[in-house]
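Reviewing the structure listed below.
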Amino acid sequence: MEAVLARIEEVEPRVQAFVNVTAEAALEQARSAQATLDHDREQAPVLTGVPIAVKDLFDVRGLVTTAGSRALADNVAHRDSIAWRRLREAGAVLVGKANTHEFAYGGTTEPTRNPWDLDRMVGGSSGGSAAALASGTCFGALGTDTAGSVRIPAALCGVVGLKPTKGDVSTRGVFPLSRTLDCVGPLARTPQDAALLHSVLRSTSSTSIGMGPLRTVRDLRVCVIPPQEALEEPVRQAHRAASQALEDAGAVVESLEGAPRLADATRVNFTIMAAEAGQVHRSMLASRGADYSPYVRERLQDALRTTASDYLEALQSRRAIIRDWNRLFTSFDVALLNGIPCTAPRAYVEQVMLDDVAENRDWVLCRDTAFANVTGHPALAVPAGVADGLPVGVQLTGRRHSEALLFAAGQAIFDRLASPIP
């Protein structure tokens with residue numbers, strides 16, 4: 001913990017991953033963890049002493065939960081969120097609260113900067129969590145994912161991020177964006193670390209230190225979903241390399257044409273999110289709207305114009321999208337697809353250039369991730385190399401509750417393609 005806090009002091013002024021570093025409490029918890037390990041290492045909880053960052057949407061008793069907004073500057077939590085409580089009971093030590101896009105309603109997390117290149121964005125909305133991991137200021141982190149908000153910053157920062165099966169991890173004590181779509185997921189440096197965190201998050205009991213090997217991918221049936229829209233060439237190459245890595249590891253890999261349209265799911269996602277986010281914020285916008293940033297205030301005011309017909313139509317389309325993905329997983333165990341269609345864009349940009357066409361930033365970042373929030377299937381972002389000094393990643397998805405397969409496939413890709421964090 002002393003080394004982690006020294007690292008924070010060194011890099012945090014430039015990266016700005018945290019809104020609150022709980023240094024004194026962290027050292028106290030670390031001393032207690034050391035005493036636990038010295039007494040009986042074999043019986044110590046599985047995360048004893050592990051430094052963890054928590055996105056500032058999660059309640060931690062005694063700390064302010066701002067959700068990235070001045071509107072909640074005095075919002076002191078009176079109890080722990082379920083997710084943090086489970087990590088704490090498993091021995092984890094809180095390093096601090098990580099930055100988030102205001103109310104998680106956006107694809108960036110400025111002023112947080114990307115540790116790989118400080119002129120680049122980290123994505124969002126769990127960008128502080130990913131940046132803290134990539135800069136070496138924690139060993140695991142909590143994020144939320146409503147349209148890709150764990151997987152987007154994980155991909156842009158070269159770490160691992162899981163959106164679990166909807167309902168597997170409690171969202172109680174987490175400030176909501178869209179109750180239909182919100183998921184709580186871990187970020188980590190490796191798939192095996194993410195698997196360990198997920199095993200704690202979805203269980204009320206902690207286990208002793210140590211974890212068995214991940215499942216083998218031999219004979220795993222993998223369908224490769226080709227890119228469906230414009231993307232940068234390094235992302236296309238990473239997609240091909242990940243497919244080859246799985247085949248080399250023994251998986252049965254098959255390219256699939258005619259996969260469900262990702263863009264259709266993104267449109268459905270954005271409609272559901274808007275309708276539900278508007279209702280979450282309706283009363284607070286009326287009373288404290290001046291404390292919102294102009295960007296989020298305008299988005300939410302526009303969201304309040306979503307009609308009941310729009311919302312019901314999106315829910316109906318959602319059912320059809322779920323059927324399509326469930327049908328795919330009757331023939332395959334895992335699907336491989338590209339993650340984010342570009343490496344990290346420059347900070348504060350509102351448009352991204354793909355094939356010489358300027359596209360809306362949030363649409364580009366979410367268009368290949370939002371489907372999993374619509375369907376409820378798990379999805380894992382995995383690093384798959386570096387291009388021009390910036391990380392490139394891929395994404396895996398599978399049937400509900402198939403996280404163990406995703407972690408195994410992700411580790412096979414990671415072992416062959418991931419580059420060390422600088």
Side-chain angles (χ1 to χ4, degrees), residues 1-34 37 47-68 73 76-77 80-81 83-84 87-88 90-101 108-144 150 153-154 156-161 186-190 193-194 196-197 344 347 383 391 420-422:
M1 183 56 65
E2 289 171 350
V4 163
L5 293 175
R7 179 67 175 166
I8 289 174
E9 187 174 347
E10 176 189 355
V11 304
E12 181 59 16
R14 289 168 288 151
V15 176
Q16 301 180 69
F18 290 94
V19 296
N20 182 11
V21 176
T22 53
E24 186 175 334
L27 280 171
E28 182 179 344
Q29 293 166 32
R31 293 186 189 103
S32 177
Q34 186 64 59
L37 293 170
L47 297 178
T48 298
V50 176
I52 298 290
V54 174
K55 183 179 183 178
D56 195 22
L57 291 182
F58 291 81
D59 284 345
V60 174
R61 187 168 62 89
L63 299 183
V64 175
T65 303
T66 72
V76 178
D80 288 336
S81 58
W84 167 243
L87 294 182
R88 175 176 55 77
V93 176
L94 181 69
V95 175
K97 289 290 202 79
N99 194 24
T100 175
H101 192 287
T108 64
T109 317
E110 281 91 5
T112 303
R113 297 302 181 93
N114 197 311
W116 292 76
D117 181 342
L118 295 174
D119 290 330
R120 305 283 175 160
M121 70 169 62
V122 291
S125 60
S126 304
S129 296
L133 275 167
S135 60
T137 54
C138 65
F139 286 81
L142 275 179
T144 61
V150 162
L156 298 185
C157 292
V159 298
V160 176
L187 296 96
R189 295 183 183 180
T190 70
D193 280 357
L196 177 58
L197 291 172
I421 294 173

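Computed over heavy atoms, backbone and side chain alike; hydrogens, waters and symmetry mates excluded.
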ask   = Considering only heavy atoms from C-beta outward, does the side chain of T144 approach that of F58 to under 4.5 Å?
value = yes
request  = Compare every heavy atom of A130 with every heavy atom of V159, then report the nearest pair and how far apart it is.
outcome  = CG2-CB, 4.3 Å
message = Any heavy-atom pair between the side chains of V95 and T137 that's under 4.5 Å?
response = no
inquiry  = With a 3.5 Å distance limit and no angle check, can you tell me whether T48 reaches the backbone of A33 through a side-chain donor-acceptor pair?
reply    = no
inquiry  = I need the R14 CZ to T112 OG1 distance, nearest 0.5 Å.
reply    = 14.0 Å
ask   = Nearest 0.5 Å, what's the CD-CZ distance between Q29 and R88?
value = 9.0 Å
task = Please name the pair of heavy atoms, one in M121 and one in N114, separated by the smallest distance, quoted to 0.1 Å.
result = O-ND2, 3.1 Å
Student check: side-chain heavy atoms of D56 and N20 closer than 4.5 Å = no
query = Do C138 and L133 touch side chain to side chain, with heavy atoms closer than 4.5 Å?
reply = yes
request  = Please check if the side chain of T109 supplies one atom and the backbone of T100 the other of a donor-acceptor pair under 3.5 Å.
outcome  = no
message = Within the 4.5 Å heavy-atom criterion, are L197 and V50 side-chain neighbours or not?
response = no
query = Looking only at atom types and distance, does a side-chain atom of D193 sit under 3.5 Å from a main-chain N or O of F139, one as donor and one as acceptor?
reply = no
task = Flag the pair R7 and E10 as a salt bridge only when some basic side-chain nitrogen lies within less than 4.0 angstrom of an acidic carboxylate oxygen.
result = yes
ask   = How long is the span from the CZ atom in F18 to the OG atom in S129, to the nearest 0.5 Å?
value = 8.0 Å
query = Mind checking whether L142 and L57 have side chains closer than 4.5 Å, heavy atoms only?
reply = no
ask   = K55 and S126: side-chain donor and acceptor closer than 3.5 Å?
value = yes
task = For residues A53 and A132, report the shortest heavy-atom separation together with the two atoms involved.
result = CB-CB, 4.4 Å
note = In short, G161 meets A154 closest at the heavy-atom pair N-CB, 3.7 Å
key: Min side-chain heavy-atom separation T22-K97 under 4.5 Å   = no
ask   = Does the pair L5 and V21 meet the rule for a side chain to side chain contact (heavy atoms under 4.5 Å, CB included), with working shown?
value = CA-CA 9 Å; L5 293 175; V21 176; 4.2 Å; yes
task = Check the pair V15, L118 against side chain to side chain contact (heavy atoms under 4.5 Å, CB included), reporting the backbone distance first and the verdict last.
result = CA-CA 7 Å; V15 176; L118 295 174; 4.2 Å; yes
key: Spacing of Q16 atom CD and R113 atom CZ [to the nearest 0.5 Å]   = 7.5 Å
query = Which atoms form the tightest heavy-atom contact between I52 and A92, and what is the distance?
reply = CG1-CB, 3.6 Å
Exercise: identify the closest heavy-atom pair between A131 and V122 = CB-CG1, 3.9 Å
